[in-house]
Amino acid sequence: MRLKGKVALVTGAARGIGRGIAMRFAAEGACVGILDLDETACRMVVAAARSNGGEAIVLPADISQPAQVNIALATLRERFGAIDVLVNNAAVMPAGAIHETSPDDFDRCLAVNLRGTFLVSRGVIPGMLALGEGSIIHIASVTGLLGLPGIAAYSMTKGALIALTRAMSTDYAARGIRVNSISPGTIDSPMLHDFLAAQSDPDSLRQEFDQMHPIGRVGTIAEVANVCLFLASDEASFVTGANYTVDGGLSVKGEQPQD
Ligand SMILES: NC(=O)c1ccc[n+]([C@@H]2O[C@H](COP(=O)([O-])OP(=O)(O)OC[C@H]3O[C@@H](n4cnc5c(N)ncnc54)[C@H](O)[C@@H]3O)[C@@H](O)[C@H]2O)c1
């Protein structure tokens, strides 16, 4: 029960990595706000958390909309009290190099991945300052550290989240709020399955993804949730401003020169 007594908010928690983090937090004793666009899927996560003996609440909202964010935060505080932990996980990933990305897709990517993170953080931080403590975790990506093809706008936002982690940790370190990010490599998740299903040869592409990571496979949702739990908990009391890669060694891999 490493989060016993804590109130946590996880955005994009209806499925995938966000769902895994929320379920793990609930199992560790936190009262968890399950925030997502998809209200029906949120309800299923809350039911699953409760059936494991955890406590959670549905918060239907679009994080790019300030009024919806404010309602969600007020609902969470009214139900469980002050928010101790925030995980900014919700994101969208338009495919394409820059010349292949439409201005609308670009704007939506910034609106969700950056403006949404800004709005939710902005809404949560005053309460954490009043408490004198808090932990904020941004879910970034190795695409914010590396040049990977075909996801330029998304990669830009993930690099910005890593920079934001440094800026926010500096602003709030002396006032008790720790701010860290996690940069996953490829994770076995619905987002990956959707992407593979749209490709001509999903099986060989999946093998390529596995081989791309030095550990020899893609990661699991649980492996991201484990690191997130550590950063959320008091065990990470001296950790702030860090970007934890959870990528099987991908971001430090060098290439052997060919003869
Ligand atoms: N899956 C991977 O391989 C991978 C790798 C690196 C980083 N990540 C990051 O991990 C996080 C979760 O990824 P995932 O694979 O679970 O994605 P996913 O697409 O499965 O889940 C994202 C969730 O966010 C929600 N969402 C989208 N826009 C929203 C909005 N405006 N307001 C509220 N909720 C919104 C969606 O409804 C969905 O439930 C993302 O930040 C992603 O960039 C994923």
Side-chain angles (χ1 to χ4, degrees), residues 9-24 33-46 58-73 86-95 105 107-120 123 137-146 148 151 153-162 164-165 181-198 205-206 208-210 212-213 217-225 227-228 243-248 250-251:
L9 173 60
V10 183
T11 70
R15 73 171 204 171
I17 293 170
R19 181 187 189 281
I21 291 168
M23 290 290 292
R24 187 71 199 276
I34 309 295
L35 189 155
D36 204 286
L37 288 172
D38 186 341
E39 183 169 355
T40 308
C42 282
R43 290 193 187 289
M44 289 162 66
V45 178
V46 168
V58 176
L59 301 172
D62 179 338
I63 57 165
S64 70
Q65 301 300 319
Q68 294 184 33
V69 168
N70 290 342
I71 291 169
L73 295 181
L86 165 63
V87 182
N88 284 308
N89 167 80
V92 293
M93 186 178 76
D105 283 351
D107 286 348
R108 184 66 186 156
C109 190
L110 263 66
V112 178
N113 301 9
L114 295 182
R115 179 178 157 90
T117 296
F118 159 74
L119 289 173
V120 180
I137 299 137
H138 303 309
I139 306 299
S141 167
V142 287
T143 65
L145 300 166
L146 300 173
L148 293 176
I151 40 173
Y154 172 82
S155 302
M156 181 189 71
T157 64
K158 295 301 182 175
L161 288 179
I162 295 166
L164 182 66
T165 301
S181 55
I182 296 175
S183 287
T186 309
I187 302 299
D188 197 344
S189 63
M191 192 192 241
L192 177 65
H193 299 167
D194 291 351
F195 175 78
L196 290 175
L205 191 57
R206 167 65 198 243
E208 271 181 45
F209 275 126
D210 285 335
M212 180 172 82
H213 298 77
R217 60 172 177 82
V218 302
T220 65
I221 288 171
E223 286 169 327
V224 179
V227 177
C228 199
N243 176 50
Y244 274 63
T245 52
V246 181
D247 68 352
L250 175 61
S251 57

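Residue numbers count from 1 along this sequence. The structure displayed is predicted, hence computed values, not measured ones. Order of listing sets the numbers, starting from 1, for every ligand and every atom in it. Just so you know, these numbers use all the heavy atoms, side chains as well, and skip hydrogens, waters and symmetry mates.
Partners of Arg108 under the side-chain hydrogen bond (donor to acceptor under 3.5 Å, both in side chains) rule, at least two apart in sequence or in another chain, are Asp62, Ser64. Partners of Thr186 by side-chain contact (heavy atoms from CB on, under 4.5 Å), not counting sequence neighbours, listed by chain and number: Leu192, Phe209, Met212, His213, Val218. Remark: Asn113 pairs with Thr157 by the side-chain hydrogen bond (donor to acceptor under 3.5 Å, both in side chains) rule, at least two apart or across chains.
Closer than 4.0 angstrom to ligand 1 by heavy atom are Gly12, Ala14, Arg15, Gly16, Ile17, Asp36, Leu37, Ala61, Asp62, Ile63, Asn89, Ala90, Ala91, Val92, Arg108, Val112, Ile139, Ala140, Ser141, Tyr154, Lys158, Pro184, Gly185, Thr186, Ile187, Ser189, Met191, sorted by chain and number.
Between the side chain of Ser141 and the main chain of Thr143, a donor-acceptor pair closer than 3.5 Å is present.
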The test is side chain to side chain contact (heavy atoms under 4.5 Å, CB included); show your working for Val87 and Ile139 and say whether it passes.
CA-CA 7 Å; Val87 182; Ile139 306 299; 3.9 Å; yes
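Under 3.5 Å, the side chains of Ser181 and Asn243 contain a donor-acceptor pair of N or O atoms.
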